[in-house]
K.L.:
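Here it is: the structure, laid out below.
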Number of protein chains: 2
Amino acid sequence: MTADQQVAPAVPHRRRSRRDEILEIAVGLFAARGYHGVSMDDIGAAAGVTGPALYHHFAGKEAMLVAALIPVSEQLLAGGRERVAEHEGRPLAALAALIEFHVDFALANPAVIALHLHELDRLPEEPRRQIRRLQRLYVEEWVNTLTALRPELAAGEARVLAHAAFGLMNSTPFLGGEVDRDRRSDLLRAAALAALQG
Amino acid sequence: MTADQQVAPAVPHRRRSRRDEILEIAVGLFAARGYHGVSMDDIGAAAGVTGPALYHHFAGKEAMLVAALIPVSEQLLAGGRERVAEHEGRPLAALAALIEFHVDFALANPAVIALHLHELDRLPEEPRRQIRRLQRLYVEEWVNTLTALRPELAAGEARVLAHAAFGLMNSTPFLGGEVDRDRRSDLLRAAALAALQG
DNA sequence: CCATCGCCTGAACGGTCGTTAAGCACCGGC
DNA sequence: GCCGGTGCTTAACGACCGTTCAGGCGATGG
């Protein structure tokens, strides 16, 4: 139960807080049983406390979902932009880097990826729009790279392909590992690259 | 537990029954807002009746989800087996036929596909196992075709690729149509075929 | 040894949900 | 004109959920 090794956040004098620990537990439950399928008492029990205790760390249930989804969207966007910038002018290399980045991310964070796919609509307007905005910007990195690589594609068509590639790469949460992680990564990367190249 | 539930009659009913009409409405709501995010009153209101009226057509809320998911699994399995049988001994042709079948199906029934992906775990053990069994058989058709086409693939690896292809092809519910349906079908078929061929 | 603060508990609230019960309106067949 | 069935209504129930509140307990600092 003691998982206490993680990089320190931007705030220096705070170690990995109980808040983050609880959040990770909540994400796992949300991913497994759905947002509405998990009660605050469930989350509390899984964290070793009662339900109301969670209100000392989060404003409420929705706030937990927001706290889980926002950083992921930001990480994806930042990572995507970084990969594209590293390979400016070489769209195929940029695409390969994007694929490698996304596959690694999906394999490392299957629960959060599943949450992003399934539970985003459970949020109220305001935070949902913020997350969708981050997602859209991330997709645009893919669309720009794809249209540079394949000029015959219209932007809308490239968007269809980008989402198709996300579906392909995000399929990993749906499978318990019968194949080891490196091999799965290889298979997904090769398949995604083949799917997106003309 | 009223033991006198009405089931879809084997006797051919004249018109498309009200039951099927309500079911389609419920599926749309489930897909849009999630199983737990839709109440019986919501479904009733969308169908022009009150919530309790639905109990004249279905045993309960779970029964509606089962009634929506089971036929789809059966259709997919039957369609998949048919395509494979039509092209026995020609794995590439079989794979192309499977892809065309699945893409058409996903484009024609995006809501039910989304339900299958997101809400299956909301069911109790018994019907869930039945649906998973049908899904597993469908996946096996893909795995067999893939291993025939690419003998270097182990069964588990082929399964990873099959699920990746499902993720790719099922990405269509997540996009409002900015590209017309035929073009989207072409893009998804080509991408899936490229992803699965060595 | 006491005051304080962080973290938690137990009880309780308003609300919503799935479900049941009882009864009314309509309609084709005898 | 009556009958049975179908399809619906309103009312109500028990259960569960998110949230709030008042207070307790233990470590910390003076």
K.L.:
Could you list all N or O pairs between the protein and nucleotides 9-16 of chain D that sit under 3.5 Å apart?
P.N.:
unit_1: D:dT9; atom_1: OP2; unit_2: B:T50; atom_2: N; d: 2.6
unit_1: D:dT9; atom_1: OP2; unit_2: B:T50; atom_2: OG1; d: 2.5

K.L.:
Would you kindly give the CZ-to-P distance between A:R122 and D:dC17, to the nearest whole Å?
P.N.:
17 Å
K.L.:
If I take atom CZ in residue B:R19 and atom C1' in nucleotide D:dT6, what distance separates them, rounded to the nearest angstrom?
P.N.:
15 Å
K.L.:
From the options D:dG18, C:dT19, D:dC8, select the nucleotide whose nearest atom is closest to the side chain of B:R18.
P.N.:
D:dC8
K.L.:
Which pair of heavy atoms, one from A:T145 and one from A:L95, lies closest together, and at what distance?
P.N.:
CG2-N, 3.7 Å
K.L.:
Rounded to whole angstroms, how far apart are CE on A:M64 and C1' on D:dT19?
P.N.:
14 Å
K.L.:
What is the distance, rounded to the nearest whole Å, between atom CE of A:M40 and atom P of C:dC13?
P.N.:
20 Å
K.L.:
Looking at A:D180 and A:R183, is any side-chain nitrogen of the basic one under 4.0 Å from a carboxylate oxygen of the acidic one?
P.N.:
no
K.L.:
For residues A:H116 and A:S73, is any side-chain donor paired with an opposing acceptor at under 3.5 Å?
P.N.:
yes
K.L.:
Rounded to whole Å, please give me the gap between CD1 in A:I43 and P in D:dC17.
P.N.:
11 Å
K.L.:
How long is the line joining OH of A:Y35 and C1' of D:dG18, in whole Å?
P.N.:
9 Å
K.L.:
Under 4.0 Å between a Lys/Arg side-chain N and an Asp/Glu carboxylate O for A:E100 and A:R83?
P.N.:
no
K.L.:
Assess the side chains of A:R181 and A:S185: does a donor N or O sit below 3.5 Å from an acceptor N or O?
P.N.:
no
K.L.:
What I want to find out is whether B:R132 reaches B:D121 closely enough, with some N-O distance under 4.0 Å, to be called a salt bridge.
P.N.:
yes
K.L.:
Round to a whole Å and report the spacing from CZ of B:F58 to P of D:dG7.
P.N.:
12 Å
K.L.:
Return no unless some side-chain N or O of B:H57 is found under 4.0 Å from OP1 or OP2 of D:dC8.
P.N.:
yes
K.L.:
Send over the distance from A:K61 NZ to D:dT19 C1', rounded to a whole Å.
P.N.:
12 Å
